There are 2 protein chains.
Amino acid sequence: MDKPAAERLAAPAAKRARGRPRKTAEQRDDGNRRGELLRCAARLFRRQGFDATSTRDIAAAAGMRSGSPFYHFKTKAALLYAVMEEGMHGAIARQQQAVARAGPGLAPAALLQALVRNHFEVLLGAGSDFVPVMLYEYRSISTRQRSRLAQLQGAYEAPWIPVLAALQQEGRLRADVKLARLLIFGALNWSAQWYDRRQAAGLDELTAAALDLFLARPAGEAP
Amino acid sequence: MDKPAAERLAAPAAKRARGRPRKTAEQRDDGNRRGELLRCAARLFRRQGFDATSTRDIAAAAGMRSGSPFYHFKTKAALLYAVMEEGMHGAIARQQQAVARAGPGLAPAALLQALVRNHFEVLLGAGSDFVPVMLYEYRSISTRQRSRLAQLQGAYEAPWIPVLAALQQEGRLRADVKLARLLIFGALNWSAQWYDRRQAAGLDELTAAALDLFLARPAGEAP
DNA sequence: CCTACCGATCGGTAGG
DNA sequence: CCTACCGATCGGTAGG
């Protein structure tokens, strides 16, 4: 009775050792498997969409077996939400740094430039799949999660309002501030659809074009 | 031998007659079932996304059984493509009418206004799910279909370029024309994400805000 | 984190 | 356009 049982256990084990490639050092030890899952999920969600990406795809990209993502995330939807939340936290942190770097007492136009430039980086920079996923998969999360994200979005948008209001005071922005903010975010966000990192305009050039589009020439400057 | 066979046929037929609700006149005779399928698919694709909408959902919305959509469309992807193509044809036709209605010899700013206003109608007007589906499900079609749609998009975008170039000549548009077009379309297209028909701004107000945002005051006008 | 597996759903088809 | 059905895939789980 013992021998057959031992054989039943030994045979699959041997097969397994042959069938599964050995993991490299970076993949194994770091204990940072959850972060790796998030990065892989973000990249796949952006490229293929949430529904078109299976949890098996994500597991494979992270070097795991099909059931393992559910050790880190309760459901596929929870993984999506985590990607979005991570994206917003990163975007807010980057934005705060960008504003701080620009320094206080800066002219509103220069502040807007810093905000726009940072926004393009968050959207189009290297390794930035998280925020685009949030922008383009909003439909796939529950209303409960949506309202939690709306708070983070509010925090991200907050610094833009006074800047736009000041520019309107200066006479450099003619449109209604609230609608202007929506239209401006649209112009920027849509770039994730057409921007190609390998060609065409750089982020500086893009930023300049956006400011030229939105802002009138400062008073007293020659046309 | 004859009688049992007749019973086998009769019984399911009776069940069917009881289980399936009678169709009304409009649903039956018009021979326009394909168009109805397209409309239902567009609405569902827009609300839930392509992947999250099953062909069964679409069939049910059109009052059909699950297999019937495949009588009209070879695959689910072909149905999506048909929605997008229909959307573009409609948008181009509407745009040509809008430009013709505006009349020849119109000032570039007035022409841009007509184009923007029409674009908002195509995107946000009643019963306009087709173009938003094209904008937000571009990922879900093949590269072959994508390049066919790109031609239609080219036809749609064509009238915008000379108008923007003329505005730049007039000094009312400062940004690079090519990038300006991309940013402007982004600002408009993104409205499909946030615009709520039941509240807030009307399309006239939206159009005015967009023009205020993009265009500098005409030369000689008081600030 | 892996193995082995389940129930549900889905796109699509044959035949009428 | 309906009926009845198939094969594949998918999210998720129990048990280790």
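Computed from a prediction, not measured in an experiment: that's the story for all the values here. To find a chain, count down the sequence lines: A is the first, B the second, and so on, and within it residues start at 1.
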Worksheet item: Considering only heavy atoms from C-beta outward, does the side chain of B:Arg65 approach that of B:Arg56 to under 4.5 Å?
Response: no

Item to complete: Identify all stems in which DNA chain D takes part, counting only runs of at least 3 consecutive pairs (Watson-Crick or G-U wobble, each distance under 3.5 Å), and give each as one range with another, ordered by first number.
Response: C:1-16 with D:1-16

Practice prompt. Verify ring pair (Phe, Tyr, Trp, His ring centres under 6.0 Å) between A:Tyr136 and B:Trp190, making sure each step is shown before the conclusion.
Written response: CA-CA 11 Å; A:Tyr136 289 97; B:Trp190 196 254; 5.7 Å; yes

Item to complete: Could you check how far CG of A:Leu80 sits from P of D:dG11, rounded to whole Å?
Response: 12 Å

Fill in: Per A:Tyr71 side chain, nearest of listed nucleotides C:dC1, C:dA4, D:dG11
C:dC1

Fill in: B:Lys76 NZ to C:dT9 C1', straight-line distance once rounded to whole Å
11 Å

Fill in: Separation of D:dT13 P from A:Lys74 NZ (nearest whole Å)
8 Å

Worksheet, complete the sentence: Tightest non-hydrogen contact, residues A:Phe73 and A:Ala82, listed as CE2-CB, 3.7 Å

Worksheet item: Which part of the nucleic acid does B:Ser68 contact within heavy-atom distance under 4.0 Å: base, sugar-phosphate only, or nothing?
Response: base

Fill in: Among C:dC10, D:dG11, C:dC1, the nucleotide that comes nearest once only the side chain of A:Met64 is considered
C:dC1

Worksheet item: Expressed in angstrom and rounded to an integer, what is the separation of A:Ile58 atom CD1 from D:dG11 atom C1'?
Response: 11 Å

Discussion item. For the aromatic rings, using the six-membered ring if either is Trp, is the centroid distance between A:Trp160 and A:Phe185 under 6.0 Å?
Written reply: yes

Worksheet entry | Closest to side chain of A:Thr75, choosing from D:dC10, D:dG12, D:dC2 | D:dG12

Worksheet item: Should the pair A:Glu36-A:Arg39 be classified as a salt bridge under the 4.0 Å nitrogen-to-oxygen rule?
Response: yes

Fill in: Smallest separation among heavy atoms of A:Val177 and A:Leu164, with atom names
CG1-CB, 4.0 Å

Worksheet item: Among C:dC1, D:dC2, C:dG12, which nucleotide sits nearest the side chain of B:Arg65?
Response: D:dC2

Worksheet entry | A:Arg46 and its side-chain contact (heavy atoms from CB on, under 4.5 Å) partner, picked from A:Val133, A:Val83, A:Thr53 | A:Val133

Worksheet item: Short question: side chain of B:Thr207, backbone of B:Leu203 - any donor-acceptor pair under 3.5 Å?
Response: yes

Fill in: Proximal nucleotide (of D:dC10, D:dC5, C:dC1) relative to the A:His72 side chain
C:dC1

Fill in: Under-4.0 Å side-chain N/O to phosphate OP1/OP2 contact, A:Thr55 with D:dG11
yes

Discussion item. Please give me every residue in residues 44-53 of chain B whose heavy atoms get under 4.0 Å of an atom in DNA chain D, ordered by residue number.
Written reply: none

Discussion item. Between B:Arg33 and D:dC1, is there a contact of a side-chain N or O with OP1 or OP2 at under 4.0 Å?
Written reply: yes

Fill in: B:Phe70, nearest nucleotide to its side chain (from D:dG12, D:dC2, C:dT13)
C:dT13

Worksheet item: Judged by modelled atom types alone, do A:His89 and A:Tyr156 share a side-chain donor-acceptor pair under 3.5 Å?
Response: no

Worksheet entry | 5' precedence on DNA chain D between B:Leu37 and B:Ser66 (nearest-nucleotide basis) | B:Leu37

